[in-house]
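Notes follow the structure.
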Amino acid sequence: MLFIEILINFGQISLARDRLQKMKNIPEWKDDVRFLLVEGLLGLINFKDDDDNDEIFGVKDSLYSYQELIQIHGPTPRLLLHLSAAFCLLKKFPEAQSNLLQIPSAPETEPLVKANLLVIDAL
């Protein structure tokens, strides 16, 4: 997983995606938290809004990954923020806004939440 995260950080998205596809065949990784996080992030990064169904399924996979992680580990700011991003890419703005409003108010998250709510209102 660390190798895939390094590939993402270096902008090697296609290599990261290929590596993740290979790991999907390993049963031990399917429910691993790190696997779900990386899968979710790749689905968000690789989105193209040109009505390509494969890309929309990637975002839907991200959405399901983040929802599963929230069910298991609770609604953390990072998970809620990424879930909101997935909803935005799917043009489900009320759901995105609802998730952002669930992020607990704290000095470190408040500016980020306000900025994202502003973006969703604009969309």
Side-chain angles (χ1 to χ4, degrees):
M1 279 297 132
L2 183 60
F3 182 66
I4 295 174
E5 291 176 28
I6 291 170
L7 288 173
I8 291 170
N9 286 330
F10 283 131
Q12 300 293 324
I13 306 303
S14 61
L15 288 174
R17 194 175 205 188
D18 291 343
R19 184 70 168 219
L20 188 70
Q21 282 299 113
K22 289 177 185 175
M23 293 184 79
K24 279 187 176 183
N25 297 327
I26 302 170
E28 297 85 41
W29 282 106
K30 262 201 173 277
D31 293 327
D32 188 82
V33 172
R34 293 171 296 170
F35 181 85
L36 292 171
L37 283 170
V38 168
E39 182 180 47
L41 185 59
L42 275 175
L44 295 179
I45 290 173
N46 213 28
F47 179 76
K48 295 180 188 108
D49 191 16
D50 58 1
D51 293 330
D52 184 1
N53 286 337
D54 291 338
E55 298 304 330
I56 290 175
F57 285 125
V59 175
K60 286 182 180 176
D61 288 342
S62 294
L63 184 81
Y64 300 140
S65 293
Y66 289 122
Q67 287 174 331
E68 183 176 339
L69 287 166
I70 287 171
Q71 285 178 349
I72 295 169
H73 301 287
T76 67
R78 178 181 178 187
L79 293 176
L80 288 170
L81 185 64
H82 286 200
L83 182 61
S84 294
F87 276 125
C88 280
L89 291 173
L90 294 171
K91 296 181 172 72
K92 295 183 177 188
F93 303 115
E95 291 89 343
Q97 184 176 31
S98 171
N99 281 295
L100 285 174
L101 291 172
Q102 290 179 37
I103 296 175
S105 182
E108 65 272 3
T109 59
E110 193 169 325
L112 186 60
V113 171
K114 284 183 179 178
N116 281 291
L117 286 170
L118 184 64
V119 169
I120 289 173
D121 284 342
L123 291 171

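Computed from a predicted model, the values in this text were never measured in an experiment.
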### Task
Could you pull out the closest heavy-atom pair between Ile4 and Val38, with the gap in Å?
CG2-CG1, 3.3 Å
### Summary
Here the salt bridge (Lys or Arg N to Asp or Glu O under 4.0 Å) pairs for residues 110-120, sequence neighbours left out, are Glu110-Lys114
### Summary
From the list Leu90, Leu36, Leu44, side chain to side chain contact (heavy atoms under 4.5 Å, CB included) partner of Ser62 resolves to Leu44
## Note on the structure
Rounding to 0.5 Å, atoms CD1 (Ile120) and CG (Asn99) come to a distance of 8.5 Å
### Query
About how many Å separate CG of Leu69 and CD of Gln67, when rounded to the nearest 0.5 Å?
10.5 Å
### Query
Taking a hydrophobic cluster as the set of Ile, Leu, Val, Met, Phe, Trp and Tyr residues connected by side-chain heavy atoms closer than 4.5 Å, whether directly or through intermediates, do Leu79 and Phe35 fall within one such cluster?
yes
### Query
Which heavy atom in Leu63 sits nearest to a heavy atom in Ala86, and how many Å separate them?
CD1-CB, 3.9 Å
### Task
Drop me the distance from Ile70's CD1 to Thr76's OG1, to the nearest 0.5 angstrom.
7.0 Å
### Which residues share a side chain to side chain contact (heavy atoms under 4.5 Å, CB included) with Leu117, sequence neighbours left out
Gln97, Leu100, Leu101, Val113
### Query
With ILVMFWY side chains joined below 4.5 Å, transitively, what does Leu2's cluster contain besides itself?
Ile6, Phe10
### Spacing of CG belonging to Leu20 relative to CG belonging to Asp61, to within rounding of 0.5 Å
10.0 Å
### Message
Holding to side-chain hydrogen bond (donor to acceptor under 3.5 Å, both in side chains), I want the full list of residues that pass it with Ser65, two or more places apart in sequence or in another chain.
### Response
Glu39
### Partner set under side chain to side chain contact (heavy atoms under 4.5 Å, CB included) for Ser98, not counting sequence neighbours
Gln102
### Query
To the nearest 0.5 Å, how far apart are CD in Glu95 and SG in Cys88?
10.0 Å
### Task
Just jot down the side chain to side chain contact (heavy atoms under 4.5 Å, CB included) partners of Ile13, sequence neighbours excluded, or say none.
Ile8, Leu42, Ile45, Asn46
### Cluster link Leu83 to Ile72, ILVMFWY, side chain under 4.5 Å
no
### Task
Working to the nearest 0.5 Å, report the span between CD of Glu5 and CG of Leu37.
8.0 Å
### Query
Which residue pairs satisfy the ring-ring contact (aromatic ring centres under 6.0 Å, His included) criterion with at least one member in residues 62-90, sequence neighbours excluded?
Tyr66-His82
### Message
Can you list everything that forms a salt bridge (charged side-chain N to carboxylate O under 4.0 Å, His left out) with Arg34? Sequence neighbours excluded, please.
### Response
Asp32
